[in-house]
Amino acid sequence: MSDELLFQPNAAALAHTRTTEADYEAQYQRSIDDPDGFWAEQAKRLDWVTFPKTIKNTSFAYPDISIKWFEDGVLNVSYNCLDRHLEKRGDQTAIIWEGDTPGTDGKATYRELHERVCRYANVLKANGVKKGDRVTIYMPMVIDTAVAMLACTRIGAVHSVIFGGFSPDSIAGRVEDCGSKIILTADEGRRGGKTIALKKNVDAALSKVGGVERVIVTKVTGNAVAMEAGRDVWYDDEAAKVSADCPPEPMNAEDPLFILYTSGSTGKPKGVLHTTGGYLVYGSLTHELTFDYRDGEVFWCTADVGWITGHTYIVYGPLANGATTLMFEGVPSYPDASRFWQVVEKHKVNVFHTAPTAIRALMGAGAEFADKYDMPSLRLLGTVGEPINPEAWMWYYKHVGKERCGIVDCWWQTETGGHMIAPLPGAFPTKPGSATKPFFGVRPVVLSPEGVVQNQTKAEGVLAIADSWPGQMRTVYGDHQRFVDTYFSQYKGYYFTGDGCRRDSDGYYWITGRVDDVLNVSGHRLGTAEVESALVAHPKVSEAAVVGYPHDIKGQGIYCYVTLMAGEASSDELRSELRNWVRKEIGPIATPDLIQWAPGLPKTRSGKIMRRILRKVAENDFGSLGDTSTLADPAVVDDLISNRQNK
Ligand code: ATP
Ligand code: MG
């Protein structure tokens with residue numbers, strides 16, 4: 001779909017970019033032909049205690065998977081994100097904070113952030129945290145959360161950030177999995193006008209899991225919370241006892257930096273382990289190039305720091321680059337659907353990065369909310385997290401970017417540390433719905449489901465990566481076998497992404513959805529993204545999720561869950577109209593068999609559609625919905641079950 005739509009970079013983008021198409025091709029080729037030379041040069045973007053002599057030492061040879069980058073290098077992440085900027089930009093704003101309640105905001109300069117991080121690091125030390133210890137962070141979107149993360153890196157502790165929307169059970173599972181003895185939390189958080197009982201959730205989690213000796217509580221709302229004597233302490237009390245002088249711990253490039261659990265779209269979350277040197281080189285380079293970030297610009301990524309996007313593109317990438325990064329405590333719909341755009345104007349945001357789920361929701365609410373704002377500061381838009389439907393891309397381009405800003409669609413994963421397939425702005429044309437071309441050093445391959453490499457440019461199949469890149473995860477924490485089994489056992493010699501894709505005749509990549517979700521209709525393989533995008537292209541549809549269900553004749557039938565735009569009424573006529581619409585957009589093979597109206601779709605807490613649950617509902621198999629702990633709103637599922645369409 002929409003292959004033909006080609007967006008040439010406009011004059012402003014061309015004037016801004018540092019990469020021409022020829023540069024991109026040449027540098028890409030160099031990065032593939034000589035990874036050691038290429039990455040040795042890129043490593044110079046960081047300050048090292050000892051610059052690495054050995055650059056790449058990696059093997060995808062099953063079953064001996066081993067990934068090491070810059071292995072004899074020594075550095076400290078917080079030093080690179082803070083200390084080295086002090087001389088030149090100590091008084092520059094490092095983090096702008098925008099509160100959930102309109103009118104509340106704050107900021108920290110690089111100097112202030114440095115001081116806060118050093119003090120927090122001393123608090124950790126005073127509370128018994130040592131290099132290599134795992135520290136759980138369950139905090140809201142406040143500057144102190146970034147401070148806590150950086151404080152861990154300063155002393156070589158390994159953080160595991162848990163999104164503040166997770167339940168006590170999810171916290172307990174993650175604390176147990178990584179054996180963390182300390183939790184950093186807050187009294188409460190705020191989101192969308194509500195308070196979130198963070199400390200209370202921690203208490204409930206700790207009634208289910210042992211081993212936690214210390215809970216450090218930051219005051220955010222100031223409401224009363226229970227404190228267990230001997231275990232719980234207030235951050236402010238601890239901070240008053242220590243100095244703000246804390247030298248950075250020299251870390252080996254391959255020392256663990258953090259553990260982060262995946263979103264859980266496909267099953268039980270995996271404890272993804274990233275290490276120090278490769279992650280920071282890759283995160284800072286992708287931040288600079290994919291967003292073409294320039295000194296002095298305001299960069300806003302709307303993710304939560306509890307997700308990898310928040311780790312790499314709110315905290316580590318921007319701060320390593322000396323950027324001004326915006327941290328937003330709230331949600332796009334509070335107090336109304338214009339909040340994002342108000343914030344963009346208020347803080348003069350230059351680069352804005354969000355997720356398709358937010359774009360579709362705002363599109364569903366109506367364009368008038370975005371149309372009221374000119375947002376002259378905006379230069380570039382980003383999208384990440386799911387395939388973006390071309391219709392949503394166009395809406396974003398038109399109503400947010402005012403047909404002036406380019407869009408970078410970034411495909412990557414918790415496992416990859418940073419962008420893998422994404423356009424470099426201004427370097428080449430973009431196509432709505434395509435993540436375009438690989439980043440430097442990334443070797444995507446399209447395999448047939450049986451594992452045969454598709455060498456021709458135009459190809460379709462599963463997406464794998466042929467060689468390592470510095471930001472790659474090193475293992476599943478505590479379970480290396482799961483790492484080998486999950487990513488390297490199915491297609492030997494490759495990193496298997498779990499996503500399906502299509503490569504068009506221009507060599508552009510289109511993610512077609514999760515491989516587990518691919519439909520097989522009368523022997524034809526269809527990606528969920530294609531059918532969903534066709535539905536979303538209909539003017540009355542804001543969101544759609546498509547799954548297969550057993551069908552006597554076709555093998556699999558196409559079952560569609562459809563959310564309508566605000567104010568649109570469902571009807572049988574609309575059902576047949578949508579069926580014809582998809583048939584016309586893609587072809588008769590893609591004609592939906594069943595369409596169910598869904599006021600809400602089951603999503604992970606990071607906003608991704610969980611098709612495995614929808615598949616169970618479509619299959620009438622409610623007994624085995626699997627791990628639903630990462631579901632944002634379990635009530636949605638009950639509603640879908642009671643309105644199931646019959647075959
Ligand atoms: P789990 O691995 O636990 O099932 P998850 O895959 O949702 O959860 P993440 O690492 O947060 O966890 O998400 C990565 C996935 O998100 C990718 O594999 C892909 O399916 C999807 N994705 C991310 N960005 C894009 C994009 N720009 N286009 C298409 N899909 C994307
Ligand atoms: Mg995944």
Side-chain angles (χ1 to χ4, degrees), residues 161 163 166 170 173-174 259-272 274 286 290 301 303-313 353-360 381-390 392-393 396 407-423 430-439 444 462-465 471-473 476 482-483 486-487 495-502 508-518 527-530 532-533 602-613 626-632:
V161 181
F163 169 53
F166 273 123
S170 308
R174 287 162 173 73
I259 299 163
L260 183 61
Y261 293 84
T262 54
S263 321
S265 304
T266 53
K268 187 174 178 287
K270 300 167 275 278
V272 167
H274 282 287
T286 49
T290 309
C301 163
D304 191 278
V305 286
W307 311 121
I308 189 70
T309 303
H311 279 54
T312 309
Y313 300 113
H353 190 33
T354 195
T357 183
I359 299 167
R360 290 188 305 251
L381 306 174
T383 164
V384 63
E386 286 181 294
I388 181 162
N389 319 100
W393 196 104
Y396 196 28
I407 297 184
V408 287
D409 176 357
C410 314
W411 175 84
W412 61 299
Q413 311 177 296
T414 309
E415 294 89 336
T416 71
H419 304 143
M420 296 291 278
I421 301 182
T430 49
K431 303 183 185 188
S434 167
T436 74
K437 299 193 187 190
F439 190 74
V462 310
L463 177 62
I465 312 290
Q472 185 171 23
M473 74 184 282
V476 170
R482 189 171 176 207
F483 175 62
T486 309
Y487 305 105
Y495 167 82
F496 173 45
T497 66
D499 288 339
C501 85
R502 181 159 72 74
Y508 281 48
Y509 289 82
W510 300 71
I511 306 298
T512 50
R514 317 249 175 191
V515 169
D516 297 347
D517 295 332
V518 165
T528 48
E530 264 180 303
E532 288 162 7
S533 291
K603 292 192 180 166
T604 61
R605 284 168 210 265
S606 55
K608 301 184 196 213
I609 298 170
M610 264 169 143
R611 288 182 199 74
R612 67 186 167 83
I613 290 185
D627 183 8
T628 53
S629 65
T630 58
L631 209 55

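Both counts, for ligands and for their atoms, begin at 1 and track the order of listing.
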Looking only at distances, please establish whether an N/O atom of ligand 1 is found under 3.5 Å from an N/O atom of [X].
X	result
K268	no
I388	no
S265	yes

Self-check item: Flag, side chain of Y396 to backbone of G382, donor-acceptor distance under 3.5 Å
Solution: yes
Quiz prompt | Side-chain donor/acceptor of H353 to backbone N/O of V408, under 3.5 Å | solution =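 Judged by distance alone, no pair lies under 3.5 Å.
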Can you tell which of [options] gets a heavy atom nearest to [atom]?
atom	options	value
atom 14 (C) of ligand 1	E415, K608, M420	K608
atom 27 (N) of ligand 1	D517, D409, V408, I308	D409
atom 30 (N) of ligand 1	G498, A422, P387, C501	P387

Part of [X] with heavy atoms under 4.0 Å of ligand 1, whether side chain, backbone, both or neither:
X	value
C410	backbone
W307	neither
I511	side chain
A435	neither
T266	both

Quiz item: Using the ring of each side chain (for Trp, its six-membered ring), is Y495 parallel, tilted or perpendicular to Y487, with breaks at 30° and 60°?
Solution: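 Parallel, since the angle between the ring planes stays under 30°.
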Self-check item: Nearest heavy atoms of G418 and Y313, plus distance in Å
Solution: CA-OH, 3.3 Å
Practice problem: Work out which heavy atom in P602 is nearest to a heavy atom in L631; give both atom names and the distance. | Solution: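 Answer, listing the atom of P602 first, then L631: CB-CD1, 3.8 Å.
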Quiz item: Quick one: are I308 and W412 in side-chain contact, heavy atoms under 4.5 Å?
Solution: yes
Quiz item: Can you find a heavy atom in the side chain of W411 that is under 4.5 Å from one in the side chain of M420?
Solution: yes
Self-check item: Test side chain to side chain contact (heavy atoms under 4.5 Å, CB included) applied to I511 and L463, step by step
Solution: CA-CA 8 Å; I511 306 298; L463 177 62; 3.8 Å; yes
I need the nearest protein heavy-atom contact for [atom]: residue, atom name and distance, please.
atom	result
atom 2 (O) of ligand 1	K270 NZ, 3.4 Å
atom 12 (O) of ligand 1	S263 OG, 3.0 Å
atom 17 (C) of ligand 1	D499 OD2, 3.2 Å
atom 22 (N) of ligand 1	G385 O, 3.2 Å
atom 26 (C) of ligand 1	E386 O, 3.5 Å
atom 10 (O) of ligand 1	T414 OG1, 2.5 Å

Practice problem: Under the salt bridge (charged side-chain N to carboxylate O under 4.0 Å, His left out) rule, what do E386 and K603 come out as? Steps first, then yes or no, please. | Solution: CA-CA 12 Å; E386 286 181 294; K603 292 192 180 166; over 6 Å; no
Quiz item: Which of the numbered atoms in ligand 1 are below 4.0 angstrom from a heavy atom of R514?
Solution: 5 (P), 6 (O), 7 (O), 15 (C), 16 (O), 20 (O)
Quiz item: Without hydrogens or angle criteria, can the side chains of T266 and R514 be said to hold a donor-acceptor pair below 3.5 Å?
Solution: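 No - no donor-acceptor pair under 3.5 Å links their side chains.
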Quiz item: Is it true that the side chains of S606 and T604 contain a donor and an acceptor less than 3.5 Å apart?
Solution: yes
